[in-house]
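Report on the following structure.
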Amino acid sequence: MQISEGQAANSNSRELLTFTLGKEEYGIDILKVQEIRGYDAVTTIANSPEFIKGVINLRGIIVPIVDMRIKFNLGNVTYNELTVVIILNVANRVIGIVVDGVSDVITLTAEQLKPSPEFSATLDTQYITGLGTVDERMIIVVDIEKLMTSRDMELVEAAAA
Amino acid sequence: MSIDMSQFYQVFFEESAEHLASMESLLLGLDLDAPDPDQLNAIFRSAHSIKGGSGTFGFTDMTEVTHILETLLDGIRKNEIKITADMVDAFLQAGDVLKGLLEAHQNGTIADLAPSVEIRARLEQLTAAGSQKTEGKGQKTESAAASGATQTAASSVQHIYQIKFAKSPAIFPKKTDLDTLLEDLSNIGKIENKKIAAKSVALTLITYVSEEELRETFSFFLEPEQLTVTLIGEQKAEEKSASSEDDLGYGFFVEPETLKAEAENAQGYGFFVEPEALKAEVENAQGYGFFVDVEKKADEPAAPVATAVQTEDGTPQRRATDRAPAGGAAAETSIRVSVEKVDQMINLVGELVITQSMLAETASHLDPVLHENLVNGLAQLERNSRELQEAVMSVRMMPINFVFSRFPRLVRDLAAKLDKKVQLKMIGEGTELDKGLIEKISDPLTHLVRNSLDHGVEMPEERIVKGKDPQGTITLRAAHQGGNIVIQVIDDGAGLNRERILAKAKEKGIPFSDNISDADVWLMIFAPGFSTAAVITDVSGRGVGMDVVKKNIEGIGGRVEIASQSGQGSTVTIRLPLTLAILDGLSIAVGDQLYIVPLSFIVESLQPKAEDIKEISGQGQVIHVRGEYLPVIALHQVFNITPRATNPVEGILVLLEAEGKKVALFVDDLVGQHQVVIKSLETNYRKVVGVSGATIMGDGRVAMIMDVGALVKFAQA
C-alpha cells in the first residue's frame with residue numbers, strides 16, 4: 001500500500017504491465033519490469049522447488065526463473081516458443097517469471113484502484129495492492145517486489161533460511 | 001565550502017588514510033637507536049602531505065596537529081632531536097587522533113577536539129624537551145651539498161665497492177634484464193670502470209648504501225654465491241646529494257616578502273635565520289659542497305622552524321607528495337580508479353571470452369581447409385582475449401600487505417596491554433590476491449591474530465619456566481599453493497588444550513565420540529559461543545569470533561584448518577581461492593546437465609573395473625584405488641537428476657580431495673577442461689547446497705560449479 005500511496009501522490013495514476021495466469025489478469029508496476037523475452041533452455045538447480053525452473057544466462061548475468069503457473073497452480077504448464085518470461089528488477093535482484101501471456105500496459109488512476117477484499121485467494125492478500133477495473137476487466141494489482149522477496153518464493157537467502 | 005572543493009574530498013580522505021597507514025607502519029619499523037634517515041623522511045613526508053591536504057580543504061584541526069607533529073619530526077630527521085620510544089608512542093597517538101578527525105570529516109560530524117588538544121600539548125612538550133637537549137650540538141647534515149644523482153640513502157660516508165657477478169643466459173634471459181640491474185645500481189650510486197665480459201660483469205660502485213642493501217638489489221637476479229662484493233674504500237660525503245635536503249624545504253609557503261629568502265633558503269633547511277646569518281646561509285646554499293662552519297649554525301635554535309612553518313597555516317598549499325624523491329616515482333606510475341570501473345571491465349572481458357568461445361564452437365563445425373583464415377584468426381582472438389582477461393584480472397590483485405600492515409600496530413598495542421612480549425613476523429607480504437578477498441579476509445585475520453596473542457602466547461614468566469624465549473612469536477605467512485592462497489597464523493604459544501575443549505564441548509552439549517581425532521577437536525572451537533578462555537578479557541574470550549571467522553572465510557570460498565601441538569603452539573591455516581572471479585575447471589556431464597569441478601580438487605579420473613567397486617551394506621559403494629578404499633558419491637543422487645549411467649562401471653569416477661579426505665565422484669562423462677568465469681548464484685538467487693557458483697559456458701548456457709568441500713562432507717554424513 002505504501003508504494004501505491006507514494007506514486008499516487010506523484011501522478012495520481014500508475015502504469016502497470018498486465019499479464020495472465022490462467023483466467024486471471026494481474027498487474028505489476030511497470031518500473032519493476034526490465035524486459036520481456038521468450039523462454040530459453042534453463043539450467044536446473046539441484047534440489048530446488050519445482051516452481052524454480054533453474055537459471056538462465058541473461059547477457060552474462062545469472063538469472064533465476066520462476067514459473068508462476070506452477071507456483072500458483074494456474075494455467076497450462078507447457079513450454080514452447082510462445083512462453084513468455086518477464087524479467088523483473090526487484091530489490092536489486094534480477095528475476096525472471098514465467099507467465100501465460102503478457103497482455104498490455106495500462107494506466108490506472110487512484111480511483112480505479114479498489115482495496116482488495118479479505119478473501120482467500122490463490123495469492124496471499126498481503127501481496128495484493130488492490131483490484132483495478134479497466135474496461136470491464138478486473139486486474140489484480142500485485143506488489144511484485146514484496147512477493148518476490150517473500151519466504152514463499154524461496155528466492156532470497158534470508159527468507160529461505 | 002564550494003561544491004568544487006568537496007568533490008576532491010574523497011581523494012583527500014583516501015590519500016590521508018593511506019598516509020596515516022604508511023606513517024604508522026614506518027613508525028613501528030623504526031629502529032630507535034639508529035633511525036634510518038629514509039624512514040624518517042618518509043614519515044615526515046606523510047605528515048607533511050596530510051598537513052598540506054588538510055590545509056587546502058580547510059580542515060584546520062588536522063592541520064594544527066600535523067603541524068606540531070611535523071615540527072618534531074623535522075627536528076628528529078635533522079638530528080636535532082633524538083628520537084625516543086616516548087616520541088614514537090606520541091606519534092602513534094597523534095596518528096590515531098588524526099584518524100579520528102579524518103573520520104569525523106568524512107562522516108560530516110564534529111570531531112571531539114579534546115584528544116587533539118591533548119596530543120598537541122604532548123608533542124609540543126616533546127619538541128621543547130628534545131630541542132633543549134640537543135641545542136648547541138649543531139647539525140650534522142649541514143655538510144650537505146648537491147650532486148646530479150639522486151641518492152636515496154643519506155649516510156654521510158660513501159662506500160666504494162668492487163662488484164663482480166656472473167652473467168649467463170640463465171641469469172639474464174633477456175638483454176634488458178642486465179640493463180635493468182645496471183639501472184638499479186646507477187640509481188643508488190655511481191658506476192665506474194664497468195666491464196661487461198661474456199660470462200661476467202665487473203664494476204666499481206660508489207654509493208651510500210650498505211653492502212647488505214646492495215646485495216638485496218642483486219638478489220632478484222643472482223644467487224649470493226654468484227656475486228662478490230668487496231668494499232675497497234670509503235669516501236667522505238663531499239658529493240652528497242642535496243635531494244634529501246631539498247625536500248626539507250618543499251611545500252613551505254611563506255609570505256611574499258620573505259619568499260625570496262625562503263627560496264634560497266630552501267636549499268638549506270627551510271627555516272628562517274637571523275638576518276646576519278642569512279648571507280652565510282645563502283652562500284652555503286649556493287656553494288654546494290662546502291662544509292659549513294658548524295659553530296655558526298649551532299647558535300640557531302630549532303625554535304625558528306616553528307615560526308617559519310606557522311605562516312603556512314590556512315594558506316593554500318601545493319601538494320608536496322609529487323616532489324618527494326622516494327614516494328614520487330610510485331605516485332606517478334599508478335592511477336586511482338574506482339573498483340566499479342574495474343569490475344565492469346572484468347565483466348565485459350568475461351563476456352568477450354564467452355563470445356569468443358561461442359565463435360570458436362561455431363567455427364569448429366566448418367571445414368578448416370576452406371576457412372583457414374577464419375580459423376587462424378579465431379585462434380589468435382582466443383589467445384588475445386585470454387591475455388586480456390589475465391591482464392584485467394591482475395588489476396584487481398593486490399598484495400596481502402594491505403591486510404598485514406595493520407598487524408604490527410595491533411600486536412604492539414595488544415602485547416603491551418596484556419603485558420606479553422610478542423614479536424610479529426610476516427612472510428610473503430607480497431603475495432597477491434583479489435581485492436575482494438583482501439577486504440573480506442582482514443576481519444577474520446584480525447580475530448585470529450588477537451586470539452593467538454591472547455590465548456596462544458603465554459606470559460613471559462610462564463614462557464621462561466617452560467624454557468622458551470620470553471618473547472613469543474606470531475608469524476603471519478602468505479603463499480600461493482596450487483590454485484590457492486594459503487594464509488597462516490602461527491604462534492609458538494601454549495597450543496590448544498584438548499581436555500579443556502572437550503570439557504567445554506560437554507558443557508555445551510556438543511556430541512563427540514570418545515576417540516575423536518585431534519583435528520576434529522580443534523575444529524570444535526569454531527562452534528558458536530565456544531570459548532575456553534578461563535577469564536574473559538576485553539581482548540577475547542567471549543566466544544563470538546571463531547565461528548564468525550569460519551563463516552566469513554567459508555563465505556569467500558575458503559577453508560580453515562587448525563594444527564596444534566600442546567606447549568609448542570598452534571597454526572591456523574586459511575586456504576582461499578586465488579581469485580573470486582576465475583577458475584580452472586573440468587566440466588562433467590550427468591544426464592543432460594553440465595557441472596564444473598574446480599581442477600584444484602581433482603586428483604585423477606578413472607574408469608573403474610567392476611571388481612574394484614565394493615558394496616558396503618547400508619553405506620553405499622566404495623572403490624579400491626591403489627590400496628585405498630574411497631567412498632563413491634553418485635552425483636545424480638546428490639543432485640536428484642536422471643543419469644545416463646547408473647552403474648559406476650559405465651561411467652567415470654573423478655577422485656576428489658578436499659579437507660584432507662578423498663572421495664570418488666561418479667559421473668556420466670568428462671567433457672573438457674575450461675577456464676571459467678565464476679558468477680555468483682547469490683546475486684539474484686540464494687546459496688545452493690553443493691554448488692559454489694555458476695558460470696556461462698561457450699554455448700551461452702549456464703553450468704553450476706560444484707562445491708567439492710560440501711560434497712566431501714556429504715560423503716561423511
ring-ring contact (aromatic ring centres under 6.0 Å, His included) contacts in which one or both residues fall within residues 86-117 of chain A, not counting sequence neighbours: none
Partners meeting side-chain contact (heavy atoms from CB on, under 4.5 Å) with B:Ala360 (sequence neighbours left out): B:Gln356
Side chain to side chain contact (heavy atoms under 4.5 Å, CB included) evaluation trace for B:Leu681 with A:Ile62: CA-CA 7 Å; B:Leu681 263 184; A:Ile62 308 279; 3.9 Å; yes
Whether over 12 other heavy atoms sit under 6.0 Å from A:Asn80 CG: yes
Side-chain heavy-atom pair B:Tyr685, A:Val63 within 4.5 angstrom cut-off: no
Would you list the atom pairs, donor with acceptor, under 3.5 Å between side chains in residues 700-708 of chain B and any protein atom, with sequence neighbours excluded?
{"from": "B:Arg701", "atom 1": "NH2", "to": "A:Val42", "atom 2": "O", "distance (Å)": "3.4"}
{"from": "B:Asp707", "atom 1": "OD1", "to": "B:Arg559", "atom 2": "NH2", "distance (Å)": "3.2"}
{"from": "B:Asp707", "atom 1": "OD1", "to": "B:Gly709", "atom 2": "N", "distance (Å)": "3.3"}
{"from": "B:Asp707", "atom 1": "OD1", "to": "B:Ala710", "atom 2": "N", "distance (Å)": "3.3"}

Check: A:Thr44/B:Gln593 side-chain N/O donor and acceptor closer than 3.5 Å: yes
Residues in residues 49-57 of chain A that sit under 4.5 Å from chain B, counting heavy atoms only: A:Pro49, A:Ile52, A:Val55, A:Ile56, A:Asn57
Best-contacting candidate, A:Pro64, A:Ala91, A:Ser48, against chain B by heavy atom pairs under 4.5 angstrom: A:Pro64
Between CD1 on residue A:Ile61 and CG on residue B:Asn684, distance to nearest 0.5 Å: 7.0 Å
Gap separating the CG atom of B:Asn640 from the CD1 atom of A:Ile45, nearest 0.5 angstrom: 14.0 Å
